[in-house]
There are 2 protein chains.
Amino acid sequence: MSVTSFEANLKHRCSSCSLREICLPLGLDAEEMTKLDDLVKRRRRVFSGQSLFRAGDPLQALAAVRTGFFKIYEVSVSGQEQITGFPMSGELMGLDAISTGTHRGNAVALEDSEVCEIPFTRLEGLLSDLPRLQHQFHKLLSGAITTDHTLVMILGTMTAEFKVAAFLLNLSDRRGQRGEDPSEILLPMSREEIGNYLGLKLETVSRMFSKLRDQNLIETEGRKTFIRNRKALKALCQQGSVT
Amino acid sequence: MSVTSFEANLKHRCSSCSLREICLPLGLDAEEMTKLDDLVKRRRRVFSGQSLFRAGDPLQALAAVRTGFFKIYEVSVSGQEQITGFPMSGELMGLDAISTGTHRGNAVALEDSEVCEIPFTRLEGLLSDLPRLQHQFHKLLSGAITTDHTLVMILGTMTAEFKVAAFLLNLSDRRGQRGEDPSEILLPMSREEIGNYLGLKLETVSRMFSKLRDQNLIETEGRKTFIRNRKALKALCQQGSVT
DNA sequence: TCGTAGGCTTGACCCAGGACAAGGGCAGGC
DNA sequence: GCCTGCCCTTGTCCTGGGTCAAGCCTACGA
């Protein structure tokens, strides 16, 4: 649970990273990539359960997930927690802290993970020199808004069953983007965390998993989940909103 | 309902705009402001009910609300509409379109409004020259994420009564930031639109207004709403989440 | 090997908010 | 002025998902 984590000096380059088509370096040429590499020289390991940053921490660096899985949650004045995202490899964390310079969210690793830290002030300096990097950065910021809108839509219009179906499809699609098998999902988060994210109680999430299983849309082995009928699952999501 | 709207050539300058402390120009010096002014030479009137952009439109320009009120809504594959925001003066619209170059949202004026259009590609060019503008732009993008997270939190954790209370306080605060009386809110949106935004039905919204009125926290005259006991309303929001 | 704890499933019951319906108020058009 | 249509309010009933409770499964440590 401690903030500390071993800091690796492992030689890592954006140019050879398998995530370069998803992450910040997308669209850069070799020379530009080198400049970005100079910034991102710090790679850090965060063990399962550890937090990378907490609400109230000043924003020092954005962090790109290299391997693993995180949850980001915010705590309201009333003490209520709300998970706002489950960033996985290639996704940036901490973007919402730019507006105030202070993190509002808490980032906790859901499994042993590695992140690339990108000092924000230096990044902004580099953006001015590299228009393509600037544009990609804006796309990522904008994409974060889009992602949030999708969640708002799920929370605002969907019933429990469709929320869970949409959640599984989302994870599946993101796996697919990374070249992994999209029909086999090893969920690193608990039923309770899924429920928190989707505005449901853990019992309801569990029931919906069972319901989807009974319809032969998915198969479950504990947290390991297989998508058995992707088409039907998608169709379900599409017709499946509150009237 | 048409897209067209009369395009004004009214001389308008960021430097003399009352919203410059909220909007893009925040933090710029006189010379920088002039450069931004050169970009934002197009001011446009959008009448109540007209749309400024629609889902599927290519992103040409971001738009800052100068006067008036908009709603932004997205439509899911199943045809469900979800309002994702009610931008008011000084707020940027279209930021979520940067990631794909295409608008996902629909922007409709809720009252006769004026917007300043900012051609996006040219803006990005200018950002490279003006680090302060760049930083402010990033803060606005990041702020949009923060705003969305607040909505996610409201949708995910709050009961109907507290959702409505939080909604009113939010509008009130934003009026206050603009130097307007924060305790008098003229709602430009219908109960149904409020409900859509908050994940409630219009009847429920209406009932919650009545409930807050019965507790002497607010007073209502049709859409005109007065906050009578701000402190109690805030306290309500803070203790008021789902257990 | 067994004991224990955390997470998952399932059942029974309940309630906040949705669905449906009736009626009122107000603004715009003639 | 009056008609018409839209929006808002309020009532009644219903249901999806929350609450509470019991039991199971799996991982881990002694």
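Basis for what follows: all heavy atoms, side chains included, without hydrogens, waters or symmetry-related copies. The sequence lines fix the lettering, A, B, ..., with proteins before strands; numbering per chain opens at 1.
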### Query
What is the distance from CD of B:E203 to P of C:dA19, rounded to the nearest Å?
8 Å

### Nearest-angstrom distance from the residue atom CG of B:D214 to C1' of D:dT10
12 Å

### Message
How many whole angstroms separate atom CZ of B:R191 from atom P of D:dT10?
### Response
10 Å

### Query
Closest to the A:T204 side chain: C:dA21, D:dG17, C:dG11?
D:dG17

### Message
So, does B:S206 get its side chain near the phosphate of D:dC8, meaning an N or O under 4.0 Å from OP1 or OP2?
### Response
no

### Query
Please give, in whole Å, the distance from D:dC7 P to B:N196 CG?
14 Å

### Task
Over 60° means perpendicular and under 30° means parallel, so classify the ring planes of B:F86 and B:F167, tilted if in between.
perpendicular

### Task
Take atom CG of A:L200 and atom P of C:dA16, then tell me their distance rounded to the nearest Å.
18 Å

### Message
Check this one for me: any side-chain N or O of B:R223 less than 4.0 Å away from OP1 or OP2 of D:dC7?
### Response
no

### Query
How about A:C237 and A:L169: do any of their side-chain heavy atoms sit closer than 4.5 Å?
yes

### Query
Hey, does the side chain of A:T159 come within less than 4.0 Å of D:dG16's phosphate (OP1/OP2), counting only N and O?
no

#### Entry: Atom-to-atom span, CD of B:E192 to P of C:dG17 - whole angstrom
18 Å

### Task
Could you tell me the separation between the CE atom of A:M158 and the C1' atom of C:dG18, rounded to a whole number of Å?
18 Å

### Message
Would you say A:S210 places a side-chain N or O within less than 4.0 Å of OP1 or OP2 belonging to C:dT10?
### Response
yes

### Message
Determine whether a donor-acceptor pair (one donor, one acceptor, N or O, separation below 3.5 Å) exists between the side chain of A:R207 and the base of C:dG11.
### Response
yes

### Query
Separation of A:L212 atom CG from C:dT9 atom P, in whole Å?
12 Å

### Message
Is there a side-chain contact between A:S190 and the phosphate of C:dG6, meaning an N or O under 4.0 Å from OP1 or OP2?
### Response
no

## Note on the structure
Rounded to the nearest 0.5 angstrom, the CD1-CG distance for A:I185 and A:N170 is 9.0 Å

### Query
Is the closest basic N to carboxylate O distance between A:R207 and A:D214 below 4.0 Å?
no

### Task
Answer whether the closest heavy-atom distance between the side chains of A:H103 and A:D57 falls below 4.5 Å.
yes

### Query
Between A:G199 and B:L202, which has a closest nucleotide on DNA chain D that is more 5'?
B:L202

